[in-house]
Amino acid sequence: MEDNGACGCGLEGGGRGKGKIDARIKLILFGFALVLIITSKGFRFLSAALAVSVASCLLMKVPFKKFSHRFPEPLFIAGVLFLIKALSGGGPGLVLHLFGLKVYLSRSGIFEGARLGLRVVAAVSALSLLTFSAPFEEILSALEWLKFPRQLVEMAFLAHRYIKVFLADAQAIYHSQKNRLGYSGMGRSLNSFGIMAGSLTIKTFEQAQATSLAMVQRGYNGKLPTGASDIRGYPGRGEFVFAGSALALMALLWIKLQ
Amino acid sequence: MSRKEAGRFSILIFFALLLMPANAYAMHISEGILPLGWCVLWFAAAAPFIAYGLRRLKRVSALDVSFKPFAGLLSAMVFIISAMPIPVPTAGTCSHPCGTGITGILLGPGISVLVASVALLLQALFLAHGGLSTLGANIMSMGVTGSIAGYLTFRISRRLGLGLMPAGFVAGVFADWSTYLVTSFELASGIRGHDPLFPLFAKIALAFVPTQLPLGILEGFMTGGMVALLNEKRPDILVKFGVIKQKEAEV
């Protein structure tokens, strides 16, 4: 496993806009934007949502490479679905000659596929805007405030805290296996990968025992402080005005750009 | 388009994917793919399983204070495992395992759903693998189906007399393949529009065969290897979670 950011990219991503707007407001705005994106029928609103999200991320000085790392997987799946839609849609269309086969591409399928692709890119951009603008802990606290199950929030807090630790462990194991030709050939690779995954499970168990012991010593009684208590009150009037205006603007754009 | 032509085009997609040089990915449904109604439906479908998992977690945590931290840390491990690129020889690409086979075996399907849900939430937020609107659908495929398939196939294989490694292998394979089949169904039902469901489901399932079929087998080896290593180095962990009995660990 190379340390190429394939796994750790974006783990430290959030927080550029922290302190300015309450994470709860950001979460509600994102949720509303996502609903509008998903229900949008045309290309114009989706293009506008994409442009606003990308511009906001660039204004927050999110490195473009980091931002673009989020798109290969969604685009891969959207690409496959585009192909399926374009190849299986009905009605008139284009004819391509490929490998001696006549391939019919349906116009309605291409349209549907392209809209789906744009919808995916717009939605992923909006999600990226949320995660780059709010620290993860604040998002989780906001989720808890919005009645997301507390136990899941606690698990997510712990998981987030230990991802980097386990990632470092996994990389150390991987590199020592690789240096001893553990990944030369299929059989050895599978064996090495199984050993690495098993070792991680053992480390997880040992780390969990050490962590819970340390937590008990500090007064842990089964409830992990998640930070939601810090945001017990409601956001200020200014933030309500901002949120209301943003929601109204998004709704207006959605209606106008259909 | 006739059925014959549709079949030919599906084969074309299959070979086009074989030729793709880029990385392939675990089948998480990305943000924005599913229509709103389907997002809500899959959240509603996943909710009872999450509620059951939460109840079970509460009960077990009351007896063992280290259990919740373990479940949380296991989520981090699933996050890392499902972000590890492993080579898929037939597709000439790398792909990512699910990791729910092992959590299903260790924790049982109820809490494994929670572990997968947290891993999926983190992946959606940090890597854009999956999404928040599609979290319900991804929990249903990877969390619920993967965990149940992994748990049940492991238990049935053990009852049939298979050893830990082969039983782990079967559990890993079925956890992965069932996840992939349910994801294909979710995708087909979400994007079909006015098209019939099952032909589209077949096309999507076929399109992902080059990566997912071998990936399932690789995940089987991974899960089997993990269980075997645990049995060799720390059998007490398997005993603690009821995977093997104390007597078996002493042999």
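The chains referred to below are lettered A, B, ... by the order of the sequence lines, with proteins before strands, and numbering in each begins at 1.
Both the backbone and the side chain of A/S199 come within contact range of chain B, judged by heavy atoms closer than 4.5 Å. At a 4.5 Å heavy-atom cutoff, the contact between A/T39 and chain B is made by side-chain atoms alone. Proximity to chain A (any heavy atom under 4.5 Å) is restricted, for B/K240, to the side chain, taken from C-beta onward. In this structure, chain B has heavy atoms under 4.5 Å from both the backbone and the side chain of A/L200. Proximity to chain B (any heavy atom under 4.5 Å) is shown, for A/V124, by both the backbone and the side chain. If you measure heavy-atom distances from B/F169 to chain A, you find no contacts under 4.5 Å at all. Contact annotation for B/S133: both backbone and side-chain heavy atoms come within less than 4.5 Å of a heavy atom of chain A.
A/F205 and B/F70 have perpendicular rings, their planes meeting at more than 60° on a 0 to 90° scale where under 30° would count as parallel.
Residues meeting the side chain to side chain donor-acceptor pair (under 3.5 Å) test with A/E206, sequence neighbours left out: B/R234.
For the pair B/I50 and A/L152, the minimum side-chain heavy-atom distance is below 4.5 Å. The side-chain heavy atoms of B/F79 and A/F166, taken from C-beta on, include no pair separated by under 4.5 Å. Proximity of B/K233 to A/I202: side-chain heavy atoms (C-beta onward) are separated by under 4.5 Å at one or more points. Taking 4.5 Å as the limit, some side-chain heavy atom of A/M155 sits within range of a side-chain heavy atom of B/L57. A 4.5 Å side-chain heavy-atom check between A/L190 and B/I217 finds every atom pair outside the cut-off.
Proximity to chain B at a heavy-atom threshold of 4.5 Å picks out A/L116, A/R119, A/V120 from residues 112-120 of chain A, in numerical order.
Contact tally against chain A (heavy-atom pairs below 4.5 Å) for B/L36, B/V227, B/I191, B/L230: the top residue is B/I191.
By the neighbour-count criterion of 12 heavy atoms within 6.0 Å, atom OH of B/Y52 is sparsely surrounded, having that number or fewer from other residues, nucleotides or ligands.
Aromatic ring centroids of B/F221 and A/F193 lie 6.0 Å or more apart.
In terms of modelled atom types and a separation under 3.5 Å, the side chain of A/R161 and the main chain of B/L73 share no donor-acceptor contact.
Residues B/V65 and A/V216 come closest through the heavy atom pair CG1-CG2, 3.8 Å.
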Original post:
Yes or no on side chain to side chain contact (heavy atoms under 4.5 Å, CB included) for A/T201 and B/L106, after CA distance, side-chain angles and deciding distance?
Top reply: CA-CA 10 Å; A/T201 313; B/L106 280 181; 3.8 Å; yes
